[in-house]
Structure formats: C-alpha cells, structure tokens
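Remember, it's 1-based here, ligands and their atoms both numbered in the order they're listed.
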Amino acid sequence: MSNPFAGKTIILGITGSIAAYKGADLASKLHQAGAVVDVVLTQGALHFIHPLTFQSVTSRKAYTDQDLWGGEGHVAHITLGRSADLIVVAPASASTISKLASGQADNLLVLAHLASDCPLLLAPAMDGGMYAHPATQANLELLRQRGAHTIGPASGHLASGLVGPGRMVEPLEILGFARYVLSRGGPLARKKIVVTAGGTQEPIDPVRFISNRSSGKQGFALAQAAIDAGADVTLITGPNALPTPGGAHRLEIHTAAEMLAVVLRETAGADALLMAAAVADFRPADFADQKIKKQSGFTQLNLAPTTDILAEVAARRTAGEGPRCVVGFAAESQDLLHNAQSKLQAKHLDMIVANDISAKDAGFEVDTNRVTLLFAGGRQETLPLLSKQEVADRIMEQIVQWLLA
Ligand code: CTP
C-alpha cells in the first residue's frame with residue numbers, strides 16, 4: 001500500500017495546555033511521515049510554545065489568530081480548512097473542545113474546522129476533574145456523534161499534581177491513529193480482517209510455560225497493512241510488547257486453546273483470516289497448580305497435542321461459514337516449498353506464505369523476511385528480501401484483489 005500520509009495536508013491545532021510541547025514532536029513526526037503540516041496555534045497555546053518551533057520542524061509557516069486579520073486577509077481560515085485532509089487537535093484543551101462542539105468561531109482553528117469537510121481527530125489534555133466534568137464529556141460526545149475521533153487521554157501524573165486521566169497520549173500513538181483515520185476510505189473499507197500474531201504460551205505451572213521464538217513482527221506488520229488498506233482489523237496476539245497499529249482491535253491470548261476460541265468467534269463475520277501466529281502444536285498434558293519445586297524430582301514433561309486452528313476454520317468454511325480468504329504461514333527449516341505445499345492443501349488455504357527460518361535475515365525476531373507465496377491454484381511467487389512491512393503490503397495487495405473480485 002502507498003504511504004497514507006503522502007500528499008496529505010494535515011492541520012495540526014495546538015491549544016493551551018502544557019502538552020503543547022509534545023505537539024511539536026507530533027508536528028515533526030507528521031512532517032517526516034510525508035504529510036504537509038499546517039500548524040494553527042490558539043492564543044492559549046502561545047503561552048506555552050512559540051510558532052517558530054513549529055515552523056522549524058514543518059518547514060512551513062505556523063498560523064496564529066493574527067493571520068485571521070493579517071497578511072492573507074480574511075480568507076486564511078477558508079484556504080486552510082478547504083485544503084485539509086485531516087484536522088488533528090493535539091493537545092485539545094477543554095476550552096477548544098467546547099468551542100468546536102458549539103461552533104464558537106472566534107479563533108482561526110475553529111474557523112478552519114467550520115470551513116473544512118475532513119475528519120477531525122482530538123487528543124484531549126487537561127486536568128482530570130475538567131476532563132470528567134459533565135460539560136466536557138457532553139461536548140466530546142456531541143463531537144463524536146458528528147463523526148469526530150478521539151484518542152486518550154492517558155492516565156498519569158497531571159500538571160496539577162493529581163494522578164488520573166488527563167494526559168495527552170504520546171505523539172507516536174497519535175501518529176498511528178491519524179494514519180488509521182486517513183486510510184478509512186481505502187479499498188478494504190468496511191471489510192473485517194482478522195490477523196493472528198506471535199507465539200502462544202502453554203503453562204506448566206504458575207511460573208513456567210512452553211513457548212517459541214516468534215516475535216509477532218510479521219503479524220503486526222500485516223495488521224498495519226490491513227489498516228492502511230482501510231479494513232477493520234482485529235489482531236489476536238500472544239503476549240508481546242509491540243505497539244498496536246493505530247485503530248486495530250487488539251485481543252491478547254496466552255494459550256493455543258484461547259487462540260482457537262477467539263479466532264472462531266472473531267472470524268464468524270470476517271472477510272479474511274491471516275494466520276501468522278506461531279501456535280504451539282503441543283501443550284503440557286497436566287498443569288501443576290503450585291510451583292514445581294526443584295527437589296520434587298521432576299524430570300519428565302508429558303505433552304498433549306493442541307487443536308489445529310486452521311483445520312477448524314477449514315471445517316467451518318466447508319459448512320459454508322467463516323471467512324472468504326484464509327492465509328496460512330509456514331516457517332520451515334528444511335524442504336521449505338514441499339512442506340508448505342502440503343500445508344496449503346491439508347489446511348484448505350487460499351495462500352500460504354513460506355519462509356525459511358534457517359536464513360539469518362528472515363523469519364523469527366529480525367525485521368526482514370524472505371518468503372515464497374504459494375497459491376491454491378498451484379501458482380508460486382518468490383519475493384526478494386524485503387522488510388516485514390513490505391512483505392505484509394504485498395500479501396495485502398493479494399487480499400484486496402480477492403475481496404474486491
Ligand atoms: N496453525 C494452526 N493451529 C495450530 C498450529 C498451527 O492454525 N495448532 C497454523 C499456523 O498459524 C500457520 C500454519 O498453521 O499459519 C502452519 O503452521 P506450522 O507450525 O508451520 O505447521 P504445523 O501444521 O504446525 O506443522 P509442523 O509444526 O509439523 O511444521
């Protein structure tokens with residue numbers, strides 16, 4: 001998929017909050033991502049930060065209320081509003097949220113919003129009590145009803161000394177959510193894609209488990225690619241610290257049995273399943289309620305097979321249920337294509353992504369992958385060494401073709 005920020009014009013509204021300094025980081029990140037960033041500061045914002053900071057990171061003029069009546073005359077707000085693909089207000093103060101909700105058009109930011117017809121994304125930042133106040137909540141609700149997106153606030157230490165919800169979420173998270181909002185009109189709009197990622201954990205006792213080396217990176221990259229294509233994405237993942245792609249609905253599981261139940265539930269109304277998770281094939285046959293002590297003489301672990309999730313999904317598809325497209329992954333250390341071909345058939349897949357885990361630059365943990373795509377009809381396509389995101393984008397191009405056919 002192409003970069004969702006490329007060629008997009010984003011108004012970044014900065015309002016009167018100490019989090020305005022984080023707004024400079026966000027402006028920089030949006031600019032680096034490829035967007036044209038028009039920063040508009042309210043009077044309140046000017047108490048915390050100077051427009052020059054934003055001009056330095058966006059390589060463009062940053063606007064203030066002086067521009068309403070100044071150089072470009074009375075149309076600055078119309079030009080700004082009409083050229084915007086997205087308006088992000090981060091930080092969004094209680095006062096600006098109130099003005100946006102009521103249409104109180106007494107500053108450049110609110111005027112530009114009224115003159116625009118693009119999506120609005122708000123990242124509230126204020127004291128916890130102000131955020132919880134019914135007036136603020138009602139204003140946010142009204143804006144959401146009109147289609148505005150909100151992200152946060154996060155909980156933590158507030159400038160007032162209180163601890164609670166009110167902190168602006170981090171710029172990286174806002175960037176990811178802006179990416180989600182910008183891609184909503186993509187080819188997979190209103191399609192539901194379920195992606196699994198990472199390894200499962202099969203418990204032995206309360207402190208030990210069996211797992212594998214899967215990092216989850218390829219699955220998370222697939223979730224991002226599906227978001228970029230406009231899909232509604234459910235990401236079912238084993239425990240890991242990877243950030244959730246903005247807008248993805250993340251469901252965390254531990255065991256293969258939990259993943260089976262969640263995959264069957266989530267794929268019931270889904271259009272595609274991308275099964276990138278490294279699901280355990282075996283689990284300890286017994287779970288010890290208490291920690292197994294060193295002195296216990298424990299030397300043998302009995303294993304029991306887990307259920308093959310893709311086989312269950314295939315059975316449902318045979319019965320006329322389940323997703324239209326199912327993609328599996330085969331991580332092999334020998335006989336790559338032969339093994340992958342067998343799995344493609346045995347699991348009734350539309351496509352299997354085969355990767356040789358013996359290569360140093362492919363497979364587990366690293367950021368690159370070297371894969372061959374095998375299709376149900378017999379076609380094969382070997383991709384060059386690519387980043388996991390590029391591999392995900394290539395797979396998603398195929399999904400788009402199938403779901404739009
Ligand atoms: N898979 C699954 N349920 C399992 C195990 C694996 O749905 N219990 C899925 C994986 O998510 C992957 C595909 O099956 O998409 C192939 O997984 P892999 O581990 O390569 O194959 P297995 O069928 O487990 O065979 P083997 O381990 O013998 O290679």
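- For ligand 1, the atoms lying closer than 4.0 Å to a non-hydrogen atom of A330 are 20 (O).
- Between L310 and ligand 1, a contact under 3.5 Å exists for at least one N or O pair.
- Taking the side chain as every heavy atom from C-beta outward, R167 and K22 approach each other to under 4.5 Å.
- Once rounded to the nearest 0.5 Å, the distance linking CD1 of I87 with CD1 of I11 reads 4.0 Å.
- Counting only heavy atoms from C-beta outward, the side chains of M351 and E381 never approach each other to under 4.5 Å.
- Counting only heavy atoms from C-beta outward, the side chains of M275 and V326 never approach each other to under 4.5 Å.
- Only the side chain of T306 comes within 4.0 Å of ligand 1, counting heavy atoms alone; its backbone N, CA, C and O stay farther away.
- Closest heavy-atom approach to atom 27 (O) of ligand 1 within the set I309, L344, D281: this belongs to D281.
- Atom 16 (C) of ligand 1 has as its closest protein heavy atom F329 O, 2.9 Å.
- The side-chain heavy atoms of K291 and R208, taken from C-beta on, include a pair separated by under 4.5 Å.
- For ligand 1, the polar-atom distance check finds an N/O of M275 within less than 3.5 Å of one of the ligand's N/O atoms.
- Residue contact annotation: K347 has a non-hydrogen atom under 4.0 Å from ligand 1.
- Between T307 and ligand 1 there is a heavy-atom distance shorter than 4.0 Å.
- Counting heavy-atom neighbours within 6.0 Å of F282 CZ, excluding the residue itself, gives a total of 12 or less.
- By the criterion of a heavy-atom distance under 4.0 Å, neither the backbone nor the side chain of I352 is placed next to ligand 1.
- Using a distance-only test at 3.5 Å, with no hydrogens or angles considered, a donor-acceptor pair links the side chain of T58 to the main chain of F54.
- Considering backbone and side-chain atoms together, G328 places no N or O closer than 3.5 Å to any N or O of ligand 1.
- S183 contributes a side-chain N or O that, together with a main-chain N or O of I227, makes up a donor-acceptor pair within less than 3.5 Å.
- Among protein heavy atoms, the minimum distance from atom 26 (P) of ligand 1 is reached at K343 NZ, 3.8 Å.
- Contact between A277 and ligand 1 is present, with at least one heavy atom of the residue lying under 4.0 Å from the ligand.
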